[in-house]
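First the structure, in the form of structure tokens, and then the observations on it.
Please read all numbers here as calculations on a predicted model, not as lab measurements.
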Amino acid sequence: MACTIPDGHICKFQEAFCNRANTLSFPLVKELYGASSRIVVPFCPNVKYFDISEPSRPVVMHILLNELLKDDFRIAKNVTYLRLYYCGMPRNLEAARDCFPNLKILMLKGQFFRPFYDLIPLLASFSATLKVLVIPRAAELKAGFNPPWYDMIYRGPSRHEIRKGMEVEEKKARENVTKAVFSACKHLEELWVGTAIRARVERREGNVHHIQYDLDLDWEVELAKRKRENDC
């Protein structure tokens, strides 16, 4: 069972829930979507999947994370999958780290106004339970790959050479990011750069020995499979 509260209904729900705070409980709810779902968080002790990736609500999201941290809600310890909208606010990522000590999968959506490399030490400070990290495509990370966005450049007589060059640059940036992440995040097993490319690491004596790349995948399909198998 999943729960989503439309913004327009928040006040009604909040009033109703506050009036029944001692009697309400939704033990069957396993998924919560939206920062506004903070209203029902205390009543859902068994939530495992938490999606607060709304791009227009960074402040509300920060309030939610701090409420979770301050009140030590039961949900925080049960959540194993978090989809978070990162909008250039490291404090939200820090709060997520402190709120959810048993995360297995973290998916970051959003915009990176500073190089992604600046976030790697913070990601490395997550608990050892974090095994899978999903981040945007290399072109969105400010990690050395900045392809032109205007379409005309890909339609001219040199379009094939340009596309090939972009593919080479993207691959290089992706692999550099992957190596940096796996080197810093010692317990991480998988890194998805975008939702179609998965990198899996083989370690020897704690160090990166080999990275295997799997292409043309679909993260949402993979996530659904893991949910069915109770693997996250």
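Checking side-chain atoms of T129 against main-chain N and O of K104 turns up no donor-acceptor pair under 3.5 Å. Checking side-chain atoms of N102 against main-chain N and O of K77 turns up a donor-acceptor pair under 3.5 Å. Proximity of a side-chain donor or acceptor of R137 to a complementary backbone N or O of E170 within less than 3.5 Å is not detected. Of the possible polar contacts, one joining the S125 side chain to the L122 backbone as a donor-acceptor pair under 3.5 Å is found. In terms of modelled atom types and a separation under 3.5 Å, the side chain of R200 and the main chain of D214 share no donor-acceptor contact. With hydrogens and angles ignored, the 3.5 Å screen pairs a side-chain donor or acceptor of S127 with a backbone N or O of P101.
Distance check: L106 CG to K131 NZ gives 14.0 Å after rounding to the nearest 0.5 Å. Once rounded to the nearest 0.5 Å, the distance linking CG of L119 with CD of E94 reads 9.5 Å. Distance check: T80 OG1 to F100 CZ gives 11.0 Å after rounding to the nearest 0.5 Å. Taking CZ of R83 as the start and OH of Y49 as the end, the distance is 12.5 Å to the nearest 0.5 Å. Between atom CE of residue M166 and atom CZ of residue F145 there is a gap of 6.0 Å, rounded to the nearest 0.5 Å. The CG atom of L133 lies 12.5 Å from the CD atom of E189; values are rounded to the nearest 0.5 Å.
Using a 4.5 Å heavy-atom cutoff, the side chains of K179 and I211 are in contact. For the pair V177 and Y117, the minimum side-chain heavy-atom distance is below 4.5 Å. F126 has its side chain within reach of L93: a pair of non-hydrogen atoms, C-beta onward, lies under 4.5 Å apart. Side-chain atoms of F116 and L123, non-hydrogen and from C-beta on, do get closer than 4.5 Å to each other.
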Between K227 and K30, is the side chain to side chain contact (heavy atoms under 4.5 Å, CB included) condition met? List the steps. CA-CA 11 Å; K227 286 181 179 181; K30 298 294 180 67; over 6 Å; no
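Closest of all the heavy-atom pairs between A199 and T178 is CB-CG2, 3.6 Å.
Using a 4.0 Å cut-off between charged side-chain N and carboxylate O, E167 and R163 make no salt bridge. Salt-bridge check for K171 with E175: passed, with a basic side-chain N closer than 4.0 Å to an acidic carboxylate O.
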